[in-house]
S.K.: 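Supplied in structure tokens, the structure appears directly below.
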Amino acid sequence: MLLERTTPKALDDRLQGPHLPGSESSLAGMFEAQPCEGLQAGGGLFWEGDPANHVFQVVEGTLRLFRLLADGRRIITGFVCPGDLIGVSLRDRYLYSAEAVTAVKLRRFSRSRFEGEIARSPALRTEVFAWLCDEMAAAQDQMVLLGRKSAEERVCSFLLLVARRMRRDEPLSRHFEIPMSRLDMADYLGLTIETVSRTMSRLTAQGVIAARGRHGIEVCALETLVFLAGGDMVDDEFSSGPAKRDAVWKH
């Protein structure tokens, strides 16, 4: 990728920046003055084609972004986690649906006020531009994932991406939680649920990963997992330093 990756800490610093409580000199300052809203797992935040009246910031939990084809098939275009924004690049209508994978807390900002604040602030325009660059990088990375990687490479890449995203700005470990179902994974990776399940079972049988509870995964052979993913992840991300924010995750 030619576009620069952004670490969660750098992103958080960029979003938060120096500001007084309630200040709107940064994107985080704009949103933190808004009340938190709750959404139960499986609940819809908005649906494809709805008027795009709000921009959202996720505070807790995970949402899936998806579109439905004419024949009813679901295509998941991304997952959003705490700190992520939804709807920044949209105009009149939402181009996808957003649904909670887990219980979610979020804040909303009216689009008209959001756009007004951006228009008045060069600093906010810079932040929004950086966010849009991340979304462009996401689209390009997902094209590679779906267009050039095998089923096994897709599943292994997904596991590494989840490990990095779920840890946020904490040091990465070999144990992490996957809140998504096998069906979510399949619809994101462009595979069938049977293929995802077989691949996960094969990785477990080969000792590459191990199940730890209902949603937990332990990486038992990191070098092998990296190799099977296509070799584009570095080993030391799982032992020290802050987690990277990888664009593939985004919509």
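This structure is a prediction, so every number in the text was calculated from the model and none was measured.
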S.K.: Considering all heavy atoms of both residues, which atom of S150 and which atom of E153 are nearest to each other, and what is their separation?
M.R.: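 Looks like N-OE1, 2.9 Å.
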S.K.: Using modelled atom types and a 3.5 Å cut-off, is there a donor and acceptor pairing between side-chain atoms of R111 and backbone atoms of V55?
M.R.: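 Pair absent, no side-chain N/O of R111 close to backbone of V55.
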S.K.: Please round to the nearest 0.5 Å and tell me the distance separating atom CG of L225 and atom CD1 of I209.
M.R.: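 The distance works out to 7.5 Å.
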S.K.: Supply the atom-to-atom distance T195 OG1 to R182 CZ, rounded to the nearest 0.5 angstrom.
M.R.: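 Going from OG1 on T195 over to CZ on R182, the span is 13.0 Å.
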S.K.: If every non-hydrogen atom of D84 is compared with every non-hydrogen atom of V80, which pair is closest and at what distance?
M.R.: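 For D84 and V80, the tightest heavy-atom pair comes out as OD2-CA, 3.5 Å.
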S.K.: At their closest point, which heavy atom of L183 faces which heavy atom of I193, and how far apart are they?
M.R.: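 Closest heavy-atom pair between L183 and I193: N-CD1, 3.8 Å.
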S.K.: Nearest heavy-atom pair of R108 and L45: which atoms, and what distance?
M.R.: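 R108 and L45 have their closest heavy atoms at NH2-CD1, 4.5 Å.
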S.K.: Within the side chain of T102, is there an N or O that forms a donor-acceptor pair under 3.5 Å with the backbone of T62?
M.R.: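 Between the backbone of T62 and the side chain of T102 there is a qualifying donor-acceptor contact (under 3.5 Å).
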S.K.: Indicate the ring-plane relationship of F46 and Y94, choosing parallel, tilted or perpendicular according to the 30° and 60° boundaries.
M.R.: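 F46 and Y94: parallel rings.
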S.K.: What distance separates E115 CD from L124 CG, expressed to the nearest 0.5 Å?
M.R.: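 Here the interatomic distance stands at 13.0 Å.
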S.K.: Kindly write out the residues that satisfy side chain to side chain contact (heavy atoms under 4.5 Å, CB included) with D184, not counting sequence neighbours, or none if the list is empty.
M.R.: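 Residues passing side chain to side chain contact (heavy atoms under 4.5 Å, CB included) with D184: R64, R74, I76, F79, V101, M180, S181.
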S.K.: Establish whether V59 and F56 are linked, either directly or via other cluster members, by ILVMFWY side-chain heavy-atom contacts under 4.5 Å.
M.R.: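 No; tracing contacts between hydrophobic side chains, which count when under 4.5 Å, never links both residues.
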S.K.: Say you draw a straight line from CZ of F158 to CG of L189; how long is it, rounded to the nearest 0.5 Å?
M.R.: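 Interatomic distance, F158 CZ to L189 CG, rounded to 0.5 Å: 6.0 Å.
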S.K.: Looking at I75 and L69, what are the two nearest heavy atoms and their distance?
M.R.: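 Looking at all heavy atoms of both residues, the closest pair is CG1-CG, 4.1 Å.
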S.K.: What's the shortest heavy-atom distance between L228 and C156, and which atoms?
M.R.: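 Between these two residues, the closest heavy atoms are CB-SG, 3.6 Å.
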S.K.: Please report the interatomic distance CZ(R107) to CD(Q57), rounded to the nearest 0.5 Å.
M.R.: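 It is 6.0 Å, given to the nearest 0.5 Å.
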S.K.: With a 4.5 Å cut-off on side-chain heavy-atom distances among I, L, V, M, F, W and Y, is there a chain of contacts connecting L65 to L146?
M.R.: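 No, L65 and L146 fall in different hydrophobic clusters.
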S.K.: Can you tell me how far apart OG1 (T192) and CZ (R198) are? Round to the nearest 0.5 Å.
M.R.: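 Spacing of OG1 (T192) from CZ (R198) equals 6.0 Å.
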